[in-house]
Structures are given as structure tokens and as C-alpha cells.
Amino acid sequence: MYVITGATGNTGSVITEKLLAKGEKVRVIGRDAKRLERFTQKGAEAFVADETDRSALTKAFSGAKAVYALIPPNLAAPDVRAYQEQVSDDLAAAITKNGVKHAVALSSFGADKPDRTGPVLGLHTLEEKLNGIAGLNALYLRAGYFMENILSQVGVIQSFGVIAGPVRPDLALPLIATRDIGTATAEALLKLDFNGKHTRELQGARDVTYNDVAKIVGAAIGKPDLKYMQMPAAQLKPALTQMGMSSNMVDLLLEMAESLDSGHMKMLQPRSPANSTPTTLETFVAEVFVPAHRGKAAGV
């Protein structure tokens with residue numbers, strides 16, 4: 001039995017679909033039974049639980065051959081780090097109590113650093129906690145910057161006619177589509193060929209700057225002159241809180257942006273076929289961003 005946390009999310013849903021397509025037994029964990037139905041219709045077993053409920057999570061991990069572990073984002077949490085610590089404590093406890101032998105955990109580049117990485121620090125401590133579990137074989141997928149993060153620019157383009165954010169316009173970022181993280185995770189779970197504790201970087205198809213993002217998005221939506229503007233934190237903070245983020249979450253994101261700009265947070269390995277993934281930004285923009293932009297323009 002494979003147990004998938006965050007099964008309805010961007011990575012969990014891809015992993016679940018791929019495991020079910022191979023005829024594997026899968027237990028999907030989520031907070032909403034209705035949203036899990038798409039998987040139960042294909043043979044998965046649903047388990048409704050919140051990852052901050054340790055006893056429910058421990059029951060959900062019962063009999064697991066392997067687990068996909070992630071800390072679901074909680075952008076509105078008043079204390080994001082406390083929330084992350086609770087979830088990682090619960091994941092480690094559920095894995096330990098059930099004697100789970102294999103876990104693939106969603107981590108991030110920058111998780112090697114013990115400070116100044118904003119929300120990524122929660123993934124550093126998740127790795128540390130899983131490292132402390134004797135007998136657990138764990139693979140930490142240190143993924144790049146999610147392409148899905150640029151979907152928030154749909155509204156920014158509509159309101160202000162630019163793409164805006166806190167990082168330098170010329171900063172090369174390892175942008176990755178979450179579908180590729182899901183595929184890599186499913187492959188690792190099917191093989192279970194890792195022993196001990198290991199990290200693996202997933203760097204996306206290539207490094208891309210926000211200047212590149214503006215050019216690619218602009219060409220795709222018929223705005224060839226679209227530009228990226230680096231915004232000061234004082235201007236960004238109210239805009240991000242208006243989008244539903246807690247003040248604490250915004251502070252952590254701005255700390256992460258500083259860490260990216262300074263080079264404190266970066267991939268550690270040279271790019272190679274082994275750590276690169278297939279989906280290009282052009283493909284993501286055509287298949288995901290353009291429909292989202294079109295829907296927003298139409299008021300959907």
C-alpha cells in the first residue's frame with residue numbers, strides 16, 4: 001500500500017494517477033472527501049485527515065509500504081513556521097509509529113541551509129527529522145522554483161500591465177512544472193531503489209530569469225512588450241496580504257527572495273540530464289498560463 005499525503009494537490013494528484021495506472025494499491029489522504037472521489041472511482045482508498053492531526057495521520061500510515069510526505073502550503077497561517085513544525089513532527093511520528101520503510105519527501109533547493117530561506121526552512125527541518133528515524137529509507141526531492149508560482153501574475157498583468165515580484169530581473173531560477181515533480185516521485189516510489197537517506201535535485205528544463213518569463217508570457221498572450229518589474233518589499237507586502245497571505249507568510253517570502261537574490265539559496269549540483277525535467281516554460285505557459293489568463297479576462 002502506497003500512502004500519498006496532499007493527494008489532491010499539484011504533485012500528489014499526478015503521483016496518485018500514475019500509481020493507480022500501474023495497478024498499485026494507493027491510500028489517498030486529504031481534508032475533503034469530495035475532492036478525493038476522483039481517485040476512489042479509480043480504486044484508491046480515501047482517508048480524510050488533516051496533517052495537523054497526529055493520531056489520524058498515524059492511522060492513515062498504517063500498513064504503508066511507502067509514503068509520499070509533504071507539508072501542504074498554508075499561506076494564511078498566522079505563524080507559518082509553527083504550522084510547518086507541527087506537520088513535520090506529525091509526519092515523523094506517523095512514519096516512526098508504523099515502522100514505514102520508505103518515504104519520498106517533497107523538499108526544495110535551499111533546504112541545505114539552516115537559516116534565512118523563508119518557508120524553505122520548514123523543509124530543512126523536515127529532512128532533519130526524517131534523518132533521525134532509524135531504519136527509514138528516505139529520498140528528499142529538492143525541487144526548483146514552481147512554474148505554478150507565476151500563475152499569480154495573471155491578475156497583476158490584468159491590473160497593472162506588467163509582471164512584478166521581489167527578485168532581480170536577471171536572476172536565473174531553476175523553474176520546474178509540478179507535474180514533472182509528480183512524475184519523478186511516482187517513478188521513485190515504483191522502484192524503491194534507494195537505501196539510507198538521499199537528496200536528489202530536480203532543476204526543471206533550464207534556468208529562466210523573470211525577464212525571460214515576461215518575454216515568453218508576453219508572446220503567448222499577445223502582449224510582446226510585457227515587462228518584469230522588481231518591486232520593493234514595502235510595495236509588495238500590502239499587495240500580497242490582499243491576495244490572502246498572512247503578514248508572516250509575506251515576510252517569509254520576502255526573506256526567501258533576498259536569499260535567492262544573494263545566492264544564499266541555490267542548487268548545489270551542476271545541471272545534468274539526471275536532474276533536469278522535460279516541461280519547458282514555453283509548454284507550461286501555453287498549456288496552463290494562457291488558459292488561466294483567458295479565463296480571468298473572461299471573468300471566469
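The analysis underlying the following values was restricted to heavy atoms, covering all of them including side chains, and did not include hydrogens, waters or symmetry mates.
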[Y]/[X] salt bridge by N-O under 4.0 Å criterion:
X      : Y      : value
Glu85  : Lys129 : yes
Glu51  : Arg31  : no
Glu282 : Arg206 : yes

Task: Test side-chain contact (heavy atoms from CB on, under 4.5 Å) applied to Thr52 and Leu57, Asn74, Val87, the passing residue - done: Val87

Roughly how far, to the nearest 0.5 Å, is the [atom2] atom of [Y] from the [atom1] atom of [X]?
X      : Y      : atom1 : atom2 : value
Glu201 : Met267 : CD    : CE    : 5.0 Å
Arg116 : Met265 : CZ    : CE    : 12.0 Å
Ile181 : Leu70  : CD1   : CG    : 10.5 Å

Open item on the list: Hydrophobic cluster membership, with links at side-chain heavy-atom distances under 4.5 Å among I/L/V/M/F/W/Y: are Leu260 and Val213 in one?
Closed with: yes

Open item on the list: Are Asn275 and Arg271 packed together at the side-chain level, in the sense that at least one heavy-atom pair is separated by less than 4.5 angstrom?
Closed with: yes

Open item on the list: I want to check something: taking the side chain as every heavy atom from C-beta on, are His102 and Val67 in contact at a cut-off of under 4.5 Å?
Closed with: no

- [ ] Could you tell me if the ring centre of Tyr140 sits under 6.0 Å from that of His198?
- [x] no

Task: Between Thr283 and Thr280: side-chain donor-acceptor atoms closer than 3.5 Å - done: yes

